[in-house]
Every structure is written in C-alpha cells, then in structure tokens.
Amino acid sequence: MFKPSRWWLVKNIGKLLTSGVHRVEFADFWMGDQFCSLVFTLSNLYFVGCIYATGIDETWRRCTANPGPRWGITFLLASLPLLVRLVQSIKRWVDSRLVTHLINGGKYGAGILYYLFYYLWREQGGKRGPFFVLWCVFATNYSLYAGAWDLLMDWSLLKPHAPYRFLRPNLLYTNYIPFYYFAIITNILIRFIWVLYIPQNGPDFIIRTFIAALLESLRRWQWNFLRLENEHLGNIDQYRVTREVPLPYSYDDPSHDSDGDEEEDDRKSTSSRSWKRGRRGSRSDHAATQTDA
C-alpha cells in the first residue's frame, strides 16, 4: 500500500545522504529542511540504543547522567541534517555561482556551532560557565540568522509597499490574512525556544526538551505552507508554471476586431456566392427538365 510514496521517501533520503554529488533540486533541499526540525528525534536515537542495551532505570538517568552519555555521537546525529543542508548550499553555489546560496549555507554552519556548544554545555552538567556563555552567543546568532532568512528569503515577506503591511504584493491565502501575521510572530518566538533551557529551576530538562521539539515541529508545519506558496509564486514569475497562456496581442486591440469583422464578412460573402450559385444551378436544371419534356 502506497508503495510509490514509500519509494519516493527512501529515494530522497538516499539523495540527502549523497548530497554534493548530484544536482540539488527543490525536493532535495525541501526534504533536508524537514529533517532540520527533527534534531530532537535524531539525537535521541543514541539514547534509544543505550536504553535497549542497558535497560530502563527508575529515574531514566542511566543514559543521560554525567559523565555517562557519549555526547559526541549525539551531536553528530543532531547536526547531520544541518551538515547535509550546508553541503547542498555549497553544491548549489558551485552550479550557479549565486552568493545567496553561500549566505544560506552560513545559516546552517551557525546551526552546527549552536548545537556543538549546546552539547558541550550539557556534557559539563548544564552548569554556568564558559560553554554556557558561548552557547547563548551562538544560539542568539543562529536564531536571528535563521529567523531573518525565514521571513526575507523563504517566505519573501516584509515587503515595504505591499497591500498588506509587512507581507508581500502577491498572496495565495487571501482569505486567511491573519495567518501570515500569526506565522511571523510564532516563527520568531519558536526560533528562540532554546531560552527554555536557561532557568535552573522549573520542569525537568527532558520535559523542556520535548516541549521545544514539539513546538519546532509545529513551526516547521506552518513554515511549509508559506515556503511552498513562495516557491509557487516564484515559478509563476519565471513562467515555469502558469494557469494562463499569455497571448501575443491584446484582446481589446481594435485592429484585431476589424480583422475579425473582415473574416466574418468574407464568410458571409462566400456563403452568399455559394447560395447564388446554388440558385442558378437549380434554375438551369429546371429549364433543362422543361426542354426535355
């Protein structure tokens, strides 16, 4: 059941793992962006294996207690989608020589540094120290970098002379204008969701991580609507897709109206001549019949 869909998913995941050796298309980097929101899931693959190997204890801390976890493995799993997108951005720059792709790649490089110092901070037990400061600095940089790219490039919003303020001239979801403003605000807020980890008191760290991962998945869900909308509008502007075929002349051009009238007059005169020939032919046949009689 749904075998073509499963095969499409497996094929595109395979292309993600071989990024850099083939041309990057929309489905490739779109799929890569989806995995960038699954850092929580990918990083926990290590803990799943650890729990299966050692068993579950009462406090669920056997695989997360310091100095227990192998944070290097967890970091590699978490940063793998960002590394893939970085390689894709470099490949797109090599193919097109557009500096925009290098700037986009810098965003994923900033994300890798953010997770690097995050796991270094976790390895130190989450204490206040140099790694905590570095993590906050790089987390702020990544949040601002990625949030600005979401609004300005992925969504093409914040246009100065748009009919709706802070949006863009062309919109597809015209019946849901408040959704755009809701997406702008929530996207920026969730980009800074890492501040949940800062308070030393409060909910358990594992619960905070789960909440952050859930909100990131919801952010990516709404991101997809506006990203695909922007891609569709870009295809229309470049005539890669269109709902109408543009005519080489204006429909209201009077010269073409006169051409149409002349063609109609020609058809009328032709039908009139045919009718006259038919009448003359019938009269000749009638005279010949009388002569034979």
Side-chain angles (χ1 to χ4, degrees), residues 13 16 31-85 107-147 150 183 185-224:
I13 292 177
L16 289 179
M31 180 68 73
D33 284 331
Q34 308 308 308
F35 277 95
C36 286
S37 293
L38 297 177
V39 170
F40 173 79
T41 304
L42 295 175
S43 63
N44 275 279
L45 292 178
Y46 164 74
F47 299 111
V48 172
C50 177
I51 290 174
Y52 270 102
T54 61
I56 302 177
D57 59 327
E58 295 180 357
T59 61
W60 291 67
R61 291 294 188 273
R62 180 177 300 168
C63 294
T64 60
N66 294 295
R70 301 177 182 272
W71 292 107
I73 299 176
T74 309
F75 164 70
L76 290 177
L77 292 173
S79 60
L80 183 60
L82 296 169
L83 180 62
V84 168
R85 289 293 289 120
K107 177 185 68 175
Y108 299 106
I112 293 175
L113 292 176
Y114 156 63
Y115 284 109
L116 172 63
F117 288 104
Y118 167 74
Y119 284 110
L120 288 175
W121 172 57
R122 290 291 305 276
E123 188 178 17
Q124 299 298 320
K127 301 177 181 179
R128 300 296 187 265
F131 286 126
F132 173 76
V133 175
L134 289 173
W135 169 64
C136 290
V137 171
F138 282 100
T140 303
N141 176 66
Y142 176 60
S143 298
L144 293 174
Y145 201 155
D150 289 336
I185 296 173
T186 55
N187 188 82
I188 295 299
L189 291 177
I190 298 176
R191 280 295 187 182
F192 284 87
I193 197 63
W194 52 269
V195 298
L196 285 177
Y197 303 140
I198 295 179
Q200 292 182 327
N201 299 322
D204 188 86
F205 208 89
I206 296 178
I207 296 178
R208 297 189 217 179
T209 306
F210 175 76
I211 294 174
L214 178 61
L215 292 176
E216 171 61 22
S217 299
L218 294 176
R219 186 198 68 82
R220 182 63 65 180
W221 175 74
Q222 74 175 8
W223 180 91
N224 286 332

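Just so we're clear, the structure is a prediction, and the values are computed from it rather than from any experiment.
When every heavy atom of Leu42 is checked against every heavy atom of Pro81, the shortest pair comes out as CD1-CG, 3.3 Å. Taking all atoms of both residues into account, the shortest heavy-atom contact from Ala146 to Lys107 is CA-CD, 3.7 Å.
Rounded to the nearest 0.5 angstrom, Asn44 CG and Cys50 SG are separated by 11.5 Å. Distance OH/Tyr119 to OG/Ser79: 8.5 Å, rounded to 0.5 Å. To the nearest 0.5 Å, atom SG of residue Cys36 and atom CE of residue Met31 are 12.0 Å apart. In this structure, Ile188 CD1 and Ile193 CD1 are separated by 13.0 Å, a value rounded to the nearest 0.5 Å.
When the side-chain hydrogen bond (donor to acceptor under 3.5 Å, both in side chains) test is applied to Ser37, the partners found at least two apart in sequence or on another chain are Glu216, Arg220. Applying the salt bridge (Lys or Arg N to Asp or Glu O under 4.0 Å) rule to Arg208 yields no partners; only residues at least two apart in sequence or on another chain are considered. With sequence neighbours left out, Thr186 forms a side-chain hydrogen bond (donor to acceptor under 3.5 Å, both in side chains) with Gln222. With sequence neighbours excluded, no residue forms a side-chain hydrogen bond (donor to acceptor under 3.5 Å, both in side chains) with Trp121. With sequence neighbours left out, Leu77 forms a side-chain contact (heavy atoms from CB on, under 4.5 Å) with Leu45, Tyr46, Ile73. With sequence neighbours excluded, the residues that form a salt bridge (Lys or Arg N to Asp or Glu O under 4.0 Å) with Asp150 are Arg191, Arg219. Ile211 pairs by the side-chain contact (heavy atoms from CB on, under 4.5 Å) definition with Leu196, Ile207, Leu215, not counting sequence neighbours. In terms of the ring pair (Phe, Tyr, Trp, His ring centres under 6.0 Å) criterion, Tyr115 has no residue partners (sequence neighbours excluded). In this structure Tyr114 satisfies the side-chain hydrogen bond (donor to acceptor under 3.5 Å, both in side chains) test with no other residue, sequence neighbours excluded.
Between Phe35 and Leu80, every side-chain heavy-atom pair lies at or beyond the 4.5 Å cut-off. Contact of the Tyr108 side chain with the Leu83 side chain is not registered, since no non-hydrogen atoms from C-beta on lie closer than 4.5 Å. Within the 4.5 Å cutoff, no side-chain heavy atoms of Tyr142 are placed close to those of Leu113. Proximity of Thr209 to Tyr197: side-chain heavy atoms (C-beta onward) are separated by under 4.5 Å at one or more points. Under the 4.5 Å side-chain criterion, counting only non-hydrogen atoms from C-beta, Trp223 is in contact with Asp33.
Within the structure, the salt bridge (charged side-chain N to carboxylate O under 4.0 Å, His left out) test picks out no pair touching residues 46-56 (sequence neighbours left out). Within the structure, no pair that satisfies the salt bridge (charged side-chain N to carboxylate O under 4.0 Å, His left out) test touches residues 37-47, not counting sequence neighbours.
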Residues 126-136, side-chain donor-acceptor partners within the protein, below 3.5 Å, at least two apart:
residue: Arg128; atom: NH2; partner: Ile198; partner atom: O; Å: 2.4

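Counting non-hydrogen atoms of other residues, nucleotides and ligands closer than 6.0 Å to CZ of Phe210 gives a total of 12 or fewer.
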